2 protein chains.
Amino acid sequence: MTQPDMPTPPWERPPRRRTPARVPLTRERIVDAAYTVLDREGYDRLSMRQVAAELGVAVSALYVHVRDKGELLQLMYNRMFEGYELPDPDPGRWREQIRDFARQGRRRLLSHRDAVKISLGRVPFSPELLPHVEKLLAVFAAAGLPREVMAIAGDLLSTYLDGFVLEEVLWQDRYPESGGKAPQEMREEIQGYFASLPPDRFPNLVALADIMVDESNDYRFELGLEIILRGLASYIAGPDPDEES
Amino acid sequence: MTQPDMPTPPWERPPRRRTPARVPLTRERIVDAAYTVLDREGYDRLSMRQVAAELGVAVSALYVHVRDKGELLQLMYNRMFEGYELPDPDPGRWREQIRDFARQGRRRLLSHRDAVKISLGRVPFSPELLPHVEKLLAVFAAAGLPREVMAIAGDLLSTYLDGFVLEEVLWQDRYPESGGKAPQEMREEIQGYFASLPPDRFPNLVALADIMVDESNDYRFELGLEIILRGLASYIAGPDPDEES
DNA sequence: AGTTTACCCTGAACACTGTTCAGTTCCCAA
DNA sequence: TTGGGAACTGAACAGTGTTCAGGGTAAACT
C-alpha cells in the first residue's frame, strides 16, 4: 500500500526512531533462531525456551508471533521448500526430473541436523506448499501416468525420501559426537555385528552384511529411487513398446 | 514350573500370601499397561506416570524393570512383531507373499492407536526382530532379486508401510473425536478444499481431488504396493519372459 | 504539550514431563 | 528369628509447553 522507497516530504514528521532500538521480532527471525538451535542441539532439545534464549528474549514473547510449538515446526517445515526447483514438465525427461526432485529433497533434508524429524509426520498441503505438489503432479501427468497412479506416486516418493533419510541420520545419532572418523568405525562395527550372526539361522543377513551398511548411502538411495521409477514406468501405456523384446 | 492347581500338602508350609498381595511387576505387564494408555490417550500423552497410574504403582517402580522410556517404546515396538506370520519362501508366489507381509504390517500398525508413531523411527535390528528381517530377505532371495536390490527392498517396503499408515492416521487425528460419522464429513471437507482451489493454478490437484482423499485407503495402499512390486520384478532376470507380449 | 491508546515484551506461575535416589516395606532363605 | 535382598514408595530436580497480569515504550490524538 505505502511506497517505502519514496522520500519523506519535509512537512511530514520524520520517523521518530533514530536507533532501531530493538530489532522487532518476526516469524522469520524466530524460524532462523529455531534452525540455529536445531543445528546446535538436535531435535529433542529444540525447545521454545532455547529459541527464546537464542534471540535474547523471554519465552512468552514468541507466543505473540507464533501460536504453538506446532506452528513453529510447521514454519520450519515450510522453509525447507523455499527455493525448491521444479522445472516445467518435459515428457521425455520425466525420470530425470523425478530423480532431480528426489535428490534435491534428500539434500535439503540432510542440510540441517534432524530436519528430517520435522518433515516426518507432515504433509505438504499447506497453502504455501501446494504449488510444489502441483508441479510434481504436472511432471507425473506429462509422463502419461494414469490418474490413480499419480495420486499415490507422490506419497510413495516422499515417504521413501523421509524414511531413507531418517534411517541415515538414525545410524549417525546412535554413534553420537564421535568426532570426525566416526563413520568408518561405525560402519565396521555394524558390519561386524551382522557378519557375526550365526550363518545357519541368518544366511541372508550375513550375506548382505557388506551392502546393508555400506559407505555409499548415495548408491542405495539411487537404487531405491530407480525401483520406484521402474514401477511407475510400468504403468505408462507407452507409445514405445520396445521393451527388450 | 509349579503346578498351581494341585492342593498344598499339609506338611508343607501353606503359602504365606493369603491375599496375592501384589502381582509382581513384569516387563510384560508394563508393556500391556502402556498399550492401554496408548489406546486411550494417544502417543503424545503416553507418559511414564500414566503407565504407572494404570498399574496402580509409583512411577519410579517402572524404572526397576525398564531402563528408559526409550526402552519401553522399544519393547512396545517389539511386541508389534509377535505372531507375525512369514511363510517359507515360495519362488513362484513371492509377490503374494510380499503383499501378505505388507498387508499384515498395515493391519498391525492400525490395530493400536498411534502405533505407527512408535514404529516410525525404529529399525527392526534388535535381536528379537532379526528373524523377521531374515525371513523377508529369504522371500526376496527366492524371488531371484540381485543382492543390491535385496538390500534396499526391505527399506523401501517398510518406509512405504510406515509412511502410508502415518498419513492415514494423521488425517484422522486432524479431525479428533468427532464421533462415528467423522470419516464421511472429513472426506467431504478435504475434497471440497482441493476441489475449490483455483483450477488455473492447480489443474492437477483439482483433477485428482476425488482420488487423493478417497474412501478406499485400501485401494491406494494396494496400488502403491503394486508399484513397488513391479519395480522389484523388473530386476529379476526372469526365466519367464512372457510379459504381456 | 500532555494524555491516551496500542502494542510488544517481561516475569512469574501452572501443570506437566523423564529420571534419580534415599528410604521403607516385604518376602524368602538361613 | 534374623538377616538379606529385591521391589516398591515418596519426594525431589531439572526441564518442558503454555498462559496471563502487568510494564514500558512509541506512536496517535486532543
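Keep in mind that this is a model prediction, so the values were computed, not measured. All heavy atoms count here, side chains included; hydrogens, waters and symmetry mates do not.
One interatomic measurement links the two molecules: CE of A:Met48 to C1' of D:dG17, which rounds to 8 Å at whole-angstrom precision. Rounded to whole Å, atom P of D:dG17 lies 14 Å from atom CD1 of A:Ile30. As rounded to whole Å, 11 Å separates atom P of C:dT19 from atom CG of A:Asp44. The nearest whole Å value for the distance from the CD atom in A:Glu41 to the C1' atom in D:dG15 is 13 Å. Whole-Å rounding puts the A:Arg45 CZ to C:dG18 P distance at 16 Å. Spacing between atom CZ of B:Arg49 and atom P of D:dA11 amounts to 13 Å, rounded to whole angstrom units.
Here the straight-line distance linking atom CG of B:Leu137 with atom NE2 of B:His132 works out to 13.0 Å at 0.5 Å rounding. Taken to the nearest 0.5 Å, the OH atom of B:Tyr219 stands 8.0 Å off from the CD1 atom of B:Ile211.
A heavy atom closer than 4.0 Å to some atom of DNA chain C occurs in B:Val59, B:Ser60, B:Tyr63, these being the qualifying members of residues 56-67 of chain B. Contacts between residues 68-76 of chain B and DNA chain D, counted as heavy-atom distances below 4.0 Å, involve no residue at all.
The aromatic rings of B:Tyr160 and B:Phe164 are tilted relative to each other, their planes meeting at an angle between 30° and 60°.
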Could you go through the ring-ring contact (aromatic ring centres under 6.0 Å, His included) check for B:Phe101 and B:Tyr84 one step at a time?
CA-CA 9 Å; B:Phe101 168 83; B:Tyr84 222 105; 5.6 Å; yes
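Contact check on B:Asp162 versus B:Arg122 returns no salt bridge, with no Lys/Arg side-chain nitrogen under 4.0 Å from an Asp/Glu carboxylate oxygen. A salt bridge between B:Asp32 and B:Arg29 is absent, with no side-chain N of the basic residue lying under 4.0 Å from a carboxylate O of the acidic one. A salt bridge links B:Glu54 with B:Arg40; the closest basic N to acidic carboxylate O contact falls under 4.0 Å.
Under the 6.0 Å distance and 45° angle rule, B:Arg79 does not count as a cation-pi partner of B:Tyr35.
Secondary-structure annotation of DNA chain D gives the stems C:1-7 with D:24-30, C:10-30 with D:1-21, with a stem taken as at least 3 successive Watson-Crick or G-U pairs whose two distances both fall under 3.5 Å.
For the pair B:Asp218 and B:Arg106, the minimum side-chain heavy-atom distance is below 4.5 Å.
Using modelled atom types and a 3.5 Å distance limit, the side chains of A:Glu82 and A:Asn78 yield no donor-acceptor pair.
B:Lys117 places no side-chain N or O within 3.5 Å of a backbone atom of B:Tyr43 that could act as its donor or acceptor partner.
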